[in-house]
Amino acid sequence: MAGRVPSLLVLLVFPSSCLAFRSPLSVFKRFKETTRPFSNECLGTTRPVVPIDSSDFALDIRMPGVTPKQSDTYFCMSMRIPVDEEAFVIDFKPRASMDTVHHMLLFGCNMPSSTGSYWFCDEGTCTDKANILYAWARNAPPTRLPKGVGFRVGGETGSKYFVLQVHYGDISAFRDNNKDCSGVSLHLTRLPQPLIAGMYLMMSVDTVIPAGEKVVNSDISCHYKNYPMHVFAYRVHTHHLGKVVSGYRVRNGQWTLIGRQSPQLPQAFYPVEHPVDVSFGDLLAARCVFTGEGRTEATHIGGTSSDEMCNLYIMYYMEAKHAVSFMTCTQNVAPDMFRTIPPEANIPIPVKSDMVMMHEHHKETEYKDKIPLLQQPKREEEVLDQGDFYSLLSKLLGEREDVVHVHKYNPTEKAESESDLVAEIANVVQKKDLGRSDAREGAEHERGNAILVRDRIHKFHRLVSTLRPPESRVFSLQQPPPGEGTWEPEHTGDFHMEEALDWPGVYLLPGQVSGVALDPKNNLVIFHRGDHVWDGNSFDSKFVYQQIGLGPIEEDTILVIDPNNAAVLQSSGKNLFYLPHGLSIDKDGNYWVTDVALHQVFKLDPNNKEGPVLILGRSMQPGSDQNHFCQPTDVAVDPGTGAIYVSDGYCNSRIVQFSPSGKFITQWGEESSGSSPLPGQFTVPHSLALVPPLGQLCVADRENGRIQCFKTDTKEFVREIKHSSFGRNVFAISYIPGLLFAVNGKPHFGDQEPVQGFVMNFSNGEIIDIFKPVRKHFDMPHDIVASEDGTVYIGDAHTNTVWKFTLTEKLEHRSVKKAGIEVQEIKGKGSGGLNLGNFFASRKGYSRKGFDRLSTEGSDQEKEDDGSESEEEYSAPLPALAPSSS
C-alpha cells in the first residue's frame with residue numbers, strides 16, 4: 001500500500017490500455033473549476049483533490065458546512081469523479097465523530113438526485129442504481145483494502161459520481177448553529193488492479209420484535225448465482241436491540257463462518273478470520289439476534305430512531321473480467337436450514353458497558369422507560385440476579401475462551417461433550433418461555449438457568465484440562481556452572497493466562513502495532529505506524545526505503561494508554577518516523593525506538609518536546625559497520641550499567657552493544673547457515689529481553705523459531721529454548737522474574753502449530769501455559785510485554801490490535817539458587833480471577849420513509865508458503881483464487 005495522506009489515502013487505478021498517464025496536477029486543475037466553497041469552519045477541506053504521485057491522488061469528500069435542524073436528518077452531497085478514465089478506490093478514511101454523526105454511507109452512481117451543494121436525502125440519493133462503496137458508524141476505524149483490490153470507478157463501466165449520505169441522529173451538538181463538514185477521504189490510483197471489490201448487502205425487511213420478547217431471531221438467506229467471490233471483510237449493523245449478528249456460507253449442508261460480531265461495538269469492516277470463497281450454488285445465510293425487553297410496543301424494521309435494522313455487509317473481491325460491484329439479499333429462501341445453524345450464532349458476545357458507544361442526549365425522556373441501562377454488578381450474587389438474561393449469559397460465557405469460541409478453534413479436535421455443552425447453553429439462550437406471569441417466579445427460573453450454565457462451564461473447564469495433550473517439545477538447556485548461581489524465582493503449579501474481556505483497549509485500532517512496553521508508572525505504551533504499512537513495495541533489493549515521498553507519519557505514533565480503562569493519557573512522535581518497529585523503555589522512563597525505514601535507533605524523553613535525545617545510525621542509509629544499521633528491530637537498556645543493546649536486524653544478523661552515551665562497544669552474531677543453525681547464528685534477531693538477575697540477554701531468533709540467551713559481560717552463549725509448538729517463528733519475548741513470555745508467528749503452509757502466546761518457566765524453559773485471545777484473533781502478534789503482577793500485553797501488526805491478558809488461576813512459586821541450593825517452597829496466589837464483569841449494552845409500524853432509508857441505516861442514538869518472507873509485514877494476504885472447502 002502506498003503511504004498516507006493528511007486524512008486518508010486512496011489509490012486510483014486505470015486500465016492497462018492507458019499507456020500515457022495524466023499528471024494528478026492536471027486532474028486537480030480540471031477539478032478546481034467545479035469545486036464548491038466550504039464553510040470557514042471546515043478547515044482542511046478547500047483542496048478536495050490532493051496529488052500523491054504520478055498515478056495516485058487523494059479525494060476529500062465532505063459536507064459543505066451544514067447545520068441540521070432536527071433529529072434524524074439525512075443530508076446528501078455529491079462529487080463528480082475528477083477523472084474520465086477508469087480508476088480504483090483502494091483506501092477509505094472516515095472524517096467524522098459519533099458525537100455529531102450517527103452514520104455515513106458512500107455511494108457510487110452515474111447521476112445524483114440533486115445538483116445542489118447538498119440536499120435532504122428524502123429527495124433520493126441517485127436517479128439510477130446506487131452502489132454502496134463504504135459505510136461508517138460508531139467511530140469505526142479506517143478501512144484498508146487488501147493489496148491488489150480496489151473499487152472500480154470512472155471509465156465506461158464505473159460510477160461517475162460519489163454521493164455521500166450523512167445521518168445526524170442527535171443534533172445536540174448543533175444547538176449553537178455549529179456547522180458540520182464530516183465526510184470521508186479516499187485514496188485512488190490509476191494503476192490497474194487485478195481484483196475488483198464489491199459489496200453484498202444482506203438485509204431483513206420484515207422482522208417484527210414483540211415488546212418484552214426475550215429472544216427474537218431475524219434470518220436471511222439467498223442462493224448465490226454468480227461468478228466466485230472471495231470474502232475478505234464484513235460489517236454488522238443493528239440498533240439498540242441487536243445482540244449478535246452472524247453470517248455464513250452454506251455448502252453441502254456445511255456452515256462456514258464469514259463473520260460474527262456484536263452490533264454494539266464499533267461498526268467497522270472487520271477482516272474475516274479465514275478467507276471464504278462463495279461459488280455458484282452456495283447459500284448465504286445471516287442471523288440477527290434481538291431482544292424486545294424494555295420495549296412497550298412492537299419494534300419494526302425502519303430508518304428512524306424507534307425502528308430496528310438487521311444488516312450484514314459483506315465486502316468481497318472478484319476477478320476483474322467477472323466483477324459485480326453490488327449485490328443484495330432481502331429474503332429467507334431456506335428457513336428450515338436455520339435449524340442447523342451453529343449454536344454460536346445464538347450466543348451473545350461479551351461487551352463491556354463502557355465500550356458500547358451510545359449517547360443519551362436525543363429523546364432521552366422518550367426512551368428512558370424503554371431501554372433500561374444496565375449497572376455493573378460487584379458480586380456474583382448480583383450477577384445471578386440480573387434481569388437481562390443476555391447480560392447474564394455474556395458474563396458467564398465471558399469467563400472461558402474454551403466455551404465462547406469452542407467452534408472457532410480446532411472444532412474437529414474438541415471432545416463431543418464440548419459441543420454438547422455449547423448446544424445446551426444455546427438452548428438456554430433460545431428458550432422462549434423464560435418469562436413468567438409472576439415476576440418472582442421468573443426471577444427464580446432465570447437464576448436457576450444461570451446457575452446451571454455456570455456450573456456446566458466450570459465442569460467443562462475441568463474436562464478440557466484433562467483432555468489437553470502434554471506439550472511436545474525439543475529443548476536444549478545449559479545451566480550455569482556450580483558456584484555461579486543467582487537467586488531466581490522458579491514457578492510451578494497451575495498457571496493460566498486469559499484475555500481481560502473487560503479491557504476496552506482491544507478496540508483502540510491504531511495503525512500497525514509494532515511495539516508495546518510499560519513505563520515506570522506501569523502505563524502501557526504503544527508504538528504504531530499510523531497509515532503507513534510495510535509491504536513488498538517498501539524497500540528495494542538493497543534495503544533502501546522506496547516511499548520517502550510519502551513523508552514521515554503525520555500523526556502521533558507513540559500512545560500512552562491507561563492500563564485499566566485504555567484511555568489515551570499522552571501521545572507523541574508525529575513527523576518523526578516512517579516505519580516504526582521496536583519499542584522499549586528504560587528505568588528512567590526514556591523511550592528507545594527503532595525505525596526500519598530510517599535504519600536508526602532513537603532515544604526519546606517523553607517530557608522533552610524538542611526531539612530525540614540520542615540517535616544511532618544514519619538516516620535512510622542501510623549498512624553493517626559501527627555507524628550503520630540495516631533495519632534494526634529492538635533495543636534493550638541494562639538498568640544497572642546503562643549499556644545499550646540493539647538487535648540488527650532484518651538484513652544484518654547481529655547484536656550491537658553501545659555505551660550509555662552511544663559509543664560503539666562490540667557486536668556479536670552471524671547469519672545462520674543450513675537448517676541447523678549454531679549458537680550465535682541468527683536469522684532476523686527480532687526481539688530482546690534482559691534478565692538482570694542472571695546477567696543475561698535473550699534474543700528472539702525469529703526465523704529460526706528459537707530463543708537464544710547470552711551473558712551480557714562475556715557475550716558467551718548460555719542456552720537455547722526451542723519448542724515444536726513454536727513452529728518456525730518466535731516473534732517477541734518478555735521477561736519478568738522467573739518467567740519468560742513469547743509469541744510465535746502464523747504457521748507456514750502445511751504446518752500445524754497455531755499462532756499463540758507462551759508462558760515458560762525461565763529456570764528450565766518448560767512451557768507452563770499457552771494462551772490466545774477471545775475477542776478477535778492473533779494474525780501477526782508482533783510484540784509482547786509483561787508486568788511483574790502477571791499482566792501481559794500483546795500488539796498485532798496485522799489486526800492493528802492490542803490485547804491484555806491476566807493471570808486467572810493459582811500460582812505456586814519458590815525461590816531456588818541456580819547453584820543447586822534448595823530453599824523452602826512458598827505458595828501464593830496470582831492476581832486476577834474469573835471475569836464476571838463483562839457486559840452487554842444495554843423501535844411502530846412499518847413506514848415507507850423507513851423503507852426508503854433501509855439501506856442507509858437508521859438511528860438509535862449510539863454515541864469495533866512456505867519459507868520466510870522477504871519483508872516482515874505485508875498487506876492482508878489474498879485468499880487463493882481457486883475455490884476451497886473452507
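All values below come from the heavy atoms of this structure, side chains included, with hydrogens, waters and symmetry mates left out. In this chain, residues are counted from 1 in sequence order.
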Check the side chains of [Y] and [X] for a donor-acceptor pair under 3.5 angstrom, ignoring hydrogens and angles.
X: His102; Y: Asp170; answer: no
X: Thr100; Y: Ser97; answer: no
X: Thr67; Y: Asn177; answer: no
X: Lys776; Y: Thr799; answer: no
X: Ser218; Y: Ser204; answer: yes

Please list, chain by chain and in numerical order, all residues satisfying side chain to side chain donor-acceptor pair (under 3.5 Å) with Ser114, sequence neighbours excluded.
->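 Ser114 satisfies side chain to side chain donor-acceptor pair (under 3.5 Å) with no other residue.
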Parallel, tilted or perpendicular: which describes the rings of His103 and Tyr74, with under 30° parallel and over 60° perpendicular?
->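 Correct class here is perpendicular.
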Are any side-chain N or O atoms of [X] and backbone N or O atoms of [Y], one a donor and one an acceptor, separated by less than 3.5 Å?
X: Ser221; Y: Ala334; answer: yes
X: Ser113; Y: Cys126; answer: yes
X: Gln193; Y: Gly150; answer: no
X: Tyr317; Y: Ala320; answer: no
X: Asp91; Y: Leu145; answer: no
X: Asn131; Y: Phe326; answer: no

Pairwise distance CD1(Ile196) to CD(Glu319) - rounded to 0.5 angstrom =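 Here the rounded value is 11.0 Å.
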Under the ring-ring contact (aromatic ring centres under 6.0 Å, His included) rule, collect the residues that match up with Tyr134, sequence neighbours excluded.
->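 Scan of Tyr134 (ring-ring contact (aromatic ring centres under 6.0 Å, His included), adjacent residues dropped) gives Phe92.
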For Tyr161, all residues meeting ring-ring contact (aromatic ring centres under 6.0 Å, His included), sequence neighbours excluded |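 Per chain and number, Tyr161 pairs via ring-ring contact (aromatic ring centres under 6.0 Å, His included) with no residue.
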Determine whether Gln261 and Val245 make a side-chain contact, defined as any pair of heavy atoms from C-beta on separated by less than 4.5 Å.
->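 No - every pair of side-chain heavy atoms lies 4.5 Å or more apart.
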Beyond-backbone contact of Tyr248 with Leu283, side-chain heavy atoms, under 4.5 angstrom |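 In short, these two side chains do not touch, never coming nearer than 4.5 Å.
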Sort out for me which residue in Phe162, Tyr118, Trp119, Phe107 forms a side chain to side chain contact (heavy atoms under 4.5 Å, CB included) with Ser78.
->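 Answer to the side chain to side chain contact (heavy atoms under 4.5 Å, CB included) test with Ser78 among Phe162, Tyr118, Trp119, Phe107: Trp119.
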